[in-house]
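Some notes on the structure that comes next.
In the text below, chain A, chain B and the rest are named by the order of the sequence lines, each starting its count at 1.
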Amino acid sequence: MTRHPFAPVAVLAVLVLAGLILALLDEGAIDTVANLLLALSLVPIVFAFRR
Amino acid sequence: MKPGTMRAWTKVHTWSSLVCTIFMFVLCLTGLPLVFHDEIEAWGHDGPVETWDPARLVTLDAATDAALARQPGQVPIYLSFDVDRPVVNITSGPTVDAAESAMAFQPIDRRTATPASGGEEGGVMDTILQIHTDLLLGTGGMYFLGAMGLLFVVALVSGAVIYGPFARKAGFATVRHAKKTRTRWLDWHNMIGAVTLAWAAVVGFTGTVNTLSEPITAWWRADALAALTRGDGKTNVAYRTGTLGPAVANAMAAAPGMRPQFVAFPGAPFSSTDHYAVFLQGATPLTEKLLTPVLVDARTGAVDGVAPMPWYMKGLLLAQPLHFGDYGGLAMKIIWALLDLVTLIVLGSGIYLYFGHEKRRRHDGAASEAAPA
């Protein structure tokens, strides 16, 4: 099975969108989860920078 | 993907990006301080937490009258409530449908019925917000920036399409550090653009939606509020002191558990010609943003309707927090600012790659012309 090259981008996009919407729903613990999901966007950049 | 299709998408990406990039630079640079506007405005104003006795506050009508006494000849348009102090903000103008530039904004302290701090205009943050909203060009500038926001989304989508074949060869989030400068910047451009795609698309699209707030609100007024209008729909019921406070109390009684966020006076863009539109908000971040308008007859004080917002108004109200990133605490603001900064890198690298490519193309063209046949 060949993985589509855009799959990681799509997964990341879905997680970030989930974070943006979750933060709208409630405060507290969900906010933290939402912010972590949003911060996932920055993880590949940090990894590429340190590599 | 066929080479012809790839070339077409590349052209779409190049030209949509080129047209909007300079404006996106301005929006990213001005957006950065705006993310922290609460913190910047609170800086240097740290005082004790304010306390007050609700029973000793002056009525909403008295506060409105105090504001109008300082602006003779004006009529009230909006009244909004501060959350952390007993202050109401009265927006007035020569007419209820006055242009924003002709409006006066006065915070009134309900403990004393005197002006409170916060009404000062023309500060640095106001100017930055105005540049971010309309480039200081008014409504035309706002619609222009909305169009640039759409082009930005087109650039993102086309960039994602042409990133696919590249990622198949090089791998996801790869930067070829050993290659020459241009290749490294191409990799950074592709990688950052891909991983921030969802955030940038949301911010770009919601920015465009925000620029359309005036026509969307006008549509809502004509669509949903027209049915509740009692008079001829043209003559505004004038404000009479003593009618506002009961109208807000009746609205709150009609929607228990909610608190008023702002009131639009009869004839204001957010109301009908003969209603106070009392906009109530809930307790969660979502219900805090999705306001519920209660239409109260300005003549009798009777509640005429509790109208949940239609989908397009909900979309407009949600577009604001999703654009500004001010609904998830300081942590979200910091992430928002970092994403804004890396977007500047994508914009800058895009310009560098385009002009580098053009320079090389011209150089190659000149070399082939100079070569002996």
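- Proximity to chain A is limited to the side chain of B/Met191, based on heavy atoms less than 4.5 angstrom apart.
- Using a 4.5 Å cut-off between heavy atoms, A/Phe49 contacts chain B through both its backbone and its side chain.
- Inter-residue side-chain proximity for A/Leu24 and B/Leu322 is flagged as met; some heavy-atom pair is nearer than 4.5 Å.
- For chain A, no part of B/Ile334 is nearby; none of its heavy atoms comes within less than 4.5 Å.
- With a threshold of 4.5 angstrom between heavy atoms, A/Ile45 approaches chain B through its backbone and through its side chain.
- Heavy-atom neighbours of B/Tyr354 OH from other residues, nucleotides or ligands within 6.0 Å: above the threshold of 12.
- Here the closest heavy-atom approach between residue A/Ser41 and residue B/Val195 is recorded as O-CG2, 3.3 Å.
- B/Arg176 CZ: more than 12 foreign heavy atoms inside a 6.0 Å radius.
- Among the candidates B/Trp336, B/Trp188, B/Trp199, the residue making the largest number of heavy-atom pairs closer than 4.5 Å to chain A is B/Trp188.
- The number of heavy atoms from other shown groups lying within 6.0 Å of OH (B/Tyr352) is above 12.
- The residue among A/Val16, A/Leu20, A/Leu40 with the most heavy atom pairs within less than 4.5 Å of chain B is A/Leu20.
- If you measure heavy-atom distances from B/Ala201 to chain A, you find no contacts under 4.5 Å at all.
- In terms of heavy atoms, B/Ile335 sits closest to A/Ala39 at CD1-CB, 3.9 Å.
- Considering every non-hydrogen atom in both A/Asn35 and B/Gly328, the closest pair reads ND2-O, 3.2 Å.
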